[in-house]
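These notes concern the structure reproduced below.
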Amino acid sequence: MNQLDKFNQSVMKYDLPQGKIYVGGIWKKGGGNSIQSYFPADRTINGELTGANDADIDQAIEYGQKAVKNPAWANLLPHERASILYRIAEGIKNNVERIAYIQTRDTGKTLTETRALANSAAGTFRYFAAVLETAQEALTPSRGAYMTFSRYEPIGLVSAITPWNSPIASDAQKVAPALAAGNAVLLKPSSWSPLVCLELARIIDEAGLPKGLFSALPGSGSIVGERLVTDPAIGRISFTGGTNVGHEIAIKAASRFVPVSLELGGKSPTIVFEDADINMAIAGVLYGIFSSSGQSCIAGSRLLVQKSIYPQFVKKLVEATKALKIGHPFDPQTQVAPLIHDTHRMAVEEWVERARQEGGKILTGGMRPKGEIYEAGCYFSPTIIEGLPNHSSVCREEIFGPVLVVMPFSDETEAVTMANDNAYGLACGVWSKDVIRALRVGQAITTGTVWVNTYKQFSISTPFGGVKESGCGREKGIEGLRSYMNQKSYYIDTSQKPLGWVRFP
Ligand code: NDP
């Protein structure tokens, strides 16, 4: 038995969703193009389905519009709506292994990571159920003989468009608050990872969400994505993906004044000061860039190290990188799994080639690892590059793979200038024992998240999002629920007298 067979036999297998998509609460064969995802560890086909076409989207919209107005849903009290979300959370929790298996097959991520993502998705539904049950609407100070208050009401039909890198987590981050807010949701996954949203649909269906309120619509960005952005029935767009597509969506949404949240790309800087705890910094930097094989919007892909410690820090970093275990996603020891797709690996390789041409020095990696297992899949070695200036294209653009550029800086001012000299603003890391300085640096960097002496840690109750080319709007947290609602203000007369402006004859 070869190594691949051994890994394949080492885990419990689950049936992969096949053939049907979930349109307005009905399982049916999509009328659109065929979609085929493969297992990036050995390129075996996961299955075949046909995506949604215009008629399917029409149906999802029609059923969604009806369901959202149906008193069986519209009249539910917050705690009653929350109870459905708790049941979805429970359903996810009971199916963590199945979800993890499907997502690993679809994306090549390690089972360790996909289990964590499935658990976090359950936590997301639980969190928004709790927020819904406890959210309060306050009276506002009155300026006359009336009572004033603002209420949050559902928007109606929400579209959620997600990328391939962490589907169950990004799906949950949109679907949970949008349903909690009382809307119907049309979810479109990436064509490279179409399966896990269908498992989510099965769980949501079993949890008893009224039919029509949720549709899972795999299909191409140009057909399904386009409709979910431009259809006049859609009242709110929630998008996570690349900055180029984000720009297009922002323009289309603006033309209809539709609220949109855009969680886009990043080129996040990580700054290591000379007084940092070196082992903590090395562990954080490596996790920040090489976990998820670098396919993470918040990957700390630009490392700035203070000159006084640069040589010894980089040497240790390279040694620790060489010790990372590149391996099969089913192997519990694996730290760096394959990339999602051959096409994506080629894009990463092109960036490394460009770094070489621009004068960069490859300190480790920069190639496909060699060996039987690796040849079967889309693997790429963790790569560290030095010698490029902050304005080189490799230091400016998102690569979305296991590629780290490292640069020296002399003092705090230069570090902040270099960190800010980039189009993106999603996250940053600061490593220093001087926490006051770390906070000062965090404040000076234009970004959505600052990690101090840690990296890539997340909590569903802490808002997340970017600035500049990394997008706009925030997910998670209490405001994550409000962002899927319309705020409506009420004035209720308390005088019981006609307004004085009119003089009755
Ligand atoms: P893309 O922008 O290519 O695609 C994202 C989603 O948009 C997919 O479902 C895609 O469908 C769809 N899409 C493509 N074209 C259109 C269109 N014209 N209209 C509407 N929808 C469209 O990103 P990737 O899937 O390649 O994901 C990687 C990117 O996502 C990276 O840039 C990464 O930084 C970003 N990302 C950001 C995160 C954040 O929270 N800030 C988190 C995770 C990723 P299809 O697959 O069918 O083309």
Side-chain angles (χ1 to χ4, degrees), residues 21 30 32-37 49 51-52 57 106-107 109 117 120 159-174 186-197 216-231 234 237-253 258 260-268 289 292-301 339-341 343-345 347-348 351 397-401 423-427 447-449 456 458 462-476 480:
I21 62 174
N33 299 337
S34 109
I35 306 175
Q36 213 180 43
S37 74
L49 49 91
I57 300 163
D106 233 2
T107 62
K109 280 172 173 264
L117 291 170
S120 93
S159 67
I161 302 174
T162 55
W164 45 263
N165 61 325
S166 305
I168 190 71
S170 40
D171 294 353
Q173 243 165 260
K174 298 178 187 316
L186 276 52
L187 171 67
K188 185 205 120 41
S190 162
S191 297
W192 277 352
S193 58
L195 298 184
V196 89
C197 79
L217 303 169
S220 75
S222 57
I223 297 171
V224 181
E226 174 75 12
R227 276 292 300 281
L228 295 196
V229 170
T230 54
D231 196 286
I234 304 293
I237 301 161
S238 180
F239 174 78
T240 298
T243 295
N244 290 341
V245 178
H247 270 293
E248 281 179 41
I249 291 177
I251 290 165
K252 288 172 187 162
V258 172
V260 60
S261 54
L262 301 164
E263 304 282 356
L264 310 177
K267 188 77 180 180
S268 299
I289 178 65
S292 316
S293 305
Q295 301 169 121
S296 167
C297 54
I298 33 98
S301 51
L339 301 182
I340 175 90
H341 205 278
T343 310
H344 184 53
R345 179 169 66 170
V348 171
W351 276 114
E397 303 293 333
E398 181 181 52
I399 297 176
F400 219 61
Y424 294 105
L426 194 57
T447 187
T449 295
K456 217 176 166 185
F458 274 126
T462 308
F464 176 75
V467 293
K468 304 199 287 186
E469 294 283 301
S470 295
C472 58
R474 293 291 176 269
E475 290 194 322
K476 304 181 174 180

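Counting convention: from 1, in listed order, for ligands and their atoms alike.
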Practice prompt. Report yes or no: is the cationic atom of Lys174 (NZ for Lys, CZ for Arg) closer than 6.0 Å to the six-membered ring centre of Phe239, at no more than 45° off its axis?
Written response: no

Practice prompt. Tell me which protein heavy atom sits closest to atom 2 (O) of ligand 1, plus the residue, atom name and distance to 0.1 Å.
Written response: Gly242 N, 2.8 Å

Response to the item:
re atom 21 (N) of ligand 1, the protein heavy-atom contact at minimum distance is Gly225 CA, 3.6 Å

Worksheet, complete the sentence: Honestly, for Leu264 the part within reach of ligand 1 (heavy atoms, under 4.0 Å) is backbone

Discussion item. Is Gly466 close enough to touch ligand 1? Criterion: a residue heavy atom under 4.0 Å from a ligand atom.
Written reply: no

Worksheet item: Is Ser470 close to ligand 1, meaning an N/O of one under 3.5 Å from an N/O of the other?
Response: no

Worksheet item: So, Trp164 versus His341, ring centres under 6.0 angstrom or not?
Response: no

Worksheet item: For ligand 1, which atoms, with element, lie under 4.0 Å from some heavy atom of Pro189?
Response: 9 (O)

Worksheet item: Taking all non-hydrogen atoms of both residues, which atom of Phe464 and which atom of Cys297 are closest, and how far apart?
Response: CZ-SG, 4.3 Å

Worksheet item: What protein heavy atom is closest to atom 8 (C) of ligand 1, reported as residue, atom name and distance in Å?
Response: Thr162 O, 3.4 Å

Item to complete: Among all protein heavy atoms, pick the one closest to atom 14 (C) of ligand 1 and tell me residue, atom and distance.
Response: Gly221 CA, 3.8 Å

Worksheet item: Does an N or O from Lys188, backbone or side chain, lie closer than 3.5 Å to an N or O of ligand 1?
Response: yes

Worksheet item: Nearest protein heavy-atom contact for atom 7 (O) of ligand 1: which residue, which atom, what distance?
Response: Phe239 CE1, 3.2 Å

Item to complete: Check each atom of ligand 1 against the heavy atoms of Gly219 and keep those under 4.0 Å away; list them by number with element.
Response: 47 (O)

Discussion item. Test of understanding: given a 4.0 Å heavy-atom threshold, classify the contact between Ser296 and ligand 1 as side chain, backbone, both, or neither.
Written reply: neither

Practice prompt. Please step through side-chain contact (heavy atoms from CB on, under 4.5 Å) for the pair Val196 and Asp171, ending with a clear verdict.
Written response: CA-CA 9 Å; Val196 89; Asp171 294 353; 4.2 Å; yes

Worksheet item: Are the aromatic rings of Phe400 and Trp351 close, with centres under 6.0 Å apart?
Response: no

Item to complete: Please report which non-hydrogen protein atom sits nearest to atom 28 (C) of ligand 1, along with the residue it belongs to and the distance in Å to one decimal place.
Response: Phe400 CE2, 3.7 Å

Worksheet item: Between the side chain of Ser293 and the main-chain N/O of Gln295, is any donor-acceptor distance below 3.5 Å?
Response: no

Discussion item. Between ligand 1 and Thr243, is the shortest N or O to N or O distance under 3.5 Å?
Written reply: no

Discussion item. Please check: side-chain N/O of Arg227 versus main-chain N/O of Ser222, any donor-acceptor pairing under 3.5 Å?
Written reply: no

Worksheet item: Do Lys456 and Ser292 meet the criterion of a side-chain donor-acceptor pair at a distance under 3.5 Å?
Response: yes

Worksheet item: Considering only protein heavy atoms, which is closest to atom 27 (O) of ligand 1, and at what distance to one decimal place?
Response: Pro163 CB, 3.2 Å

Worksheet item: Rounded to the nearest 0.5 Å, how far apart are OG of Ser37 and CG of Asp106?
Response: 4.0 Å

Practice prompt. Could you grab the distance from atom OG of Ser159 to atom CD1 of Ile249, nearest 0.5 Å is fine?
Written response: 8.0 Å

Worksheet item: What do you reckon, does Glu398 have a nitrogen or oxygen under 3.5 Å from a nitrogen or oxygen of ligand 1?
Response: yes

Worksheet item: Looking only at protein heavy atoms, which one is nearest to atom 42 (C) of ligand 1, and how far off is it?
Response: Cys297 SG, 2.9 Å

Worksheet item: Do any N/O atoms on Thr240 end up under 3.5 angstrom from N/O atoms on ligand 1?
Response: no

Fill in: For the student: nearest non-hydrogen atoms of Gly471 and Leu264, plus distance
CA-CD1, 3.7 Å

Worksheet item: With a 4.0 Å cut-off on heavy atoms, is Ser222 touching ligand 1?
Response: no

Discussion item. Between Lys252 and Glu226, does any NZ, NE, NH1 or NH2 come within less than 4.0 Å of an OD or OE carboxylate oxygen?
Written reply: yes

Worksheet, complete the sentence: Honestly, for Glu248 the part within reach of ligand 1 (heavy atoms, under 4.0 Å) is side chain

Item to complete: Check each heavy atom of Asn165 against ligand 1 and say whether those closer than 4.0 Å belong to the side chain, the backbone, both or neither.
Response: side chain

Worksheet item: Which heavy-atom pair separates Ala299 from Ile289 by the least distance, and what is that distance?
Response: CB-CD1, 4.1 Å

Discussion item. Under 4.0 Å and counting heavy atoms only, is there anything from the protein next to atom 4 (O) of ligand 1?
Written reply: no

